[in-house]
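Numbers here are sequence positions counted from 1.
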Amino acid sequence: MRRSFRTLGIALCLAGYGLVFGDPAPAGDAPEPGSPGDTLTREDKRMAYLVYKLLDKDGKIKGANLERGKKLFYQNCRGCHNLDGRRVNFTPMEAKPTYLGQRARDDMPTFWYQMNFGDESREGMEPFYDELTLDEMVDIAGYAQTLP
């Protein structure tokens with residue numbers, strides 16, 4: 001089942017930017033992390049971080065170290081996606097293939113979710129949430145947007 005990440009982004013907006021990041025809000029409005037009032041999942045929090053902190057108005061990742069992202073991509077991703085990200089076609093039933101770089105540029109929420117939490121519908125796409133730091137994921141995502 002394909003999730004609508006644009007809908008997720010809207011839902012996260014409604015869930016409250018301040019609840020996730022503690023940005024300016026009146027004291028007492030945000031629940032304590034782990035308390036019964038803290039209802040956002042780790043997936044919600046990670047996706048909200050992407051939407052509110054990492055993406056510029058054009059859908060590009062802000063603040064990525066592309067050189068480090070390239071090294072991390074080679075270490076963690078090239079085994080399945082190849083050096084240029086063109087081993088897996090994400091749209092095999094369509095005339096024009098969609099490879100990793102295009103997915104990262106055109107649909108970063110899906111790319112980000114799959115990198116963080118894996119994808120059960122794609123055999124072998126394991127989650128990296130517990131394997132890589134957030135900064136490393138930002139760098140890989142930024143580098144992936146430079147691939148063909």
Side-chain angles (χ1 to χ4, degrees), residues 1-25 27 29-91 98-148:
M1 178 172 88
R2 182 169 166 87
R3 297 179 181 180
S4 170
F5 291 103
R6 285 180 176 67
T7 303
L8 178 62
I10 292 167
L12 292 172
C13 180
L14 295 174
Y17 174 74
L19 293 177
V20 177
F21 302 107
D23 282 354
D29 280 357
E32 289 293 319
S35 72
D38 181 16
T39 59
L40 294 179
T41 65
R42 72 182 188 161
E43 288 89 351
D44 291 340
K45 291 176 184 178
R46 189 55 65 97
M47 294 304 293
Y49 186 76
L50 169 73
V51 171
Y52 292 112
K53 296 287 188 177
L54 297 179
L55 292 180
D56 69 14
K57 64 181 176 68
D58 297 319
K60 302 290 184 231
I61 294 287
K62 297 185 289 188
N65 178 330
L66 299 182
E67 194 59 40
R68 187 172 92 147
K70 180 178 181 178
K71 289 176 187 174
L72 289 165
F73 182 88
Y74 287 179
Q75 291 171 353
N76 297 283
C77 310
R78 78 178 161 124
C80 295
H81 293 285
N82 211 356
L83 292 174
D84 64 358
R86 288 185 166 177
R87 182 170 289 152
V88 177
N89 175 8
F90 293 104
T91 55
T98 302
Y99 297 110
L100 189 108
Q102 193 68 43
R103 169 66 57 87
R105 284 187 299 280
D106 293 347
D107 191 3
M108 180 49 73
T110 298
F111 176 91
W112 183 255
Y113 185 90
Q114 290 172 336
M115 182 172 63
N116 276 266
F117 306 110
D119 186 348
E120 294 174 9
S121 68
R122 286 184 172 73
E123 189 175 314
M125 182 59 201
E126 297 295 322
F128 281 90
Y129 185 87
D130 295 321
E131 303 292 323
L132 299 170
T133 68
L134 181 59
D135 288 340
E136 289 171 332
M137 287 190 182
V138 169
D139 294 344
I140 291 170
Y143 174 71
Q145 289 185 320
T146 70
L147 295 173

Minimum-distance pair of heavy atoms, taken over all atoms of [X] and [Y]:
{"X": "Met115", "Y": "Met137", "answer": "CE-O, 3.3 Å"}
{"X": "Ala64", "Y": "Gly142", "answer": "CB-CA, 3.8 Å"}
{"X": "Phe128", "Y": "Asn76", "answer": "CZ-O, 3.8 Å"}
{"X": "Arg86", "Y": "Asn82", "answer": "N-CB, 4.4 Å"}
{"X": "Ile140", "Y": "Cys77", "answer": "CG2-SG, 4.2 Å"}

Q) When you look at NZ of Lys60, are more than 12 heavy atoms from neighbouring residues, nucleotides or ligands closer to it than 6.0 Å? A)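 Buried by this count: over 12 neighbours within 6.0 Å.
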
Any side-chain heavy atom of [X] sitting closer than 4.5 Å to one from [Y]?
{"X": "Leu100", "Y": "Phe73", "value": "yes"}
{"X": "Tyr49", "Y": "Leu134", "value": "yes"}
{"X": "Gln145", "Y": "Met108", "value": "yes"}
{"X": "Met47", "Y": "Pro109", "value": "yes"}
{"X": "Asn89", "Y": "Tyr99", "value": "yes"}
{"X": "Arg42", "Y": "Phe117", "value": "yes"}

Does [X] use its side chain to pair, donor to acceptor, with the backbone of [Y] at less than 3.5 Å?
{"X": "Arg105", "Y": "Leu147", "value": "yes"}
{"X": "Arg87", "Y": "Gly79", "value": "yes"}
{"X": "Asp56", "Y": "Gly59", "value": "yes"}
{"X": "Thr91", "Y": "Thr98", "value": "yes"}
{"X": "Asp44", "Y": "Thr41", "value": "yes"}
{"X": "Asn65", "Y": "Glu67", "value": "yes"}
{"X": "Trp112", "Y": "Arg46", "value": "yes"}

Q: Using the side-chain contact (heavy atoms from CB on, under 4.5 Å) rule, take Asp139 and Ile61 through it: C-alpha gap first, then chi angles, then the decisive distance, then the call.
A: CA-CA 9 Å; Asp139 294 344; Ile61 294 287; over 6 Å; no

Q | Gap between atom CE of Met125 and atom SG of Cys80 - 0.5 Å precision | A |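 CE of Met125 is found 8.0 Å from SG of Cys80.
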
Q: Tell me, with the steps shown, if Leu72 and Tyr143 meet side-chain contact (heavy atoms from CB on, under 4.5 Å).
A: CA-CA 9 Å; Leu72 289 165; Tyr143 174 71; over 6 Å; no

Q: Show the numbers, then the answer: is there a side-chain contact (heavy atoms from CB on, under 4.5 Å) between Arg68 and Asp135?
A: CA-CA 10 Å; Arg68 187 172 92 147; Asp135 288 340; 3.5 Å; yes

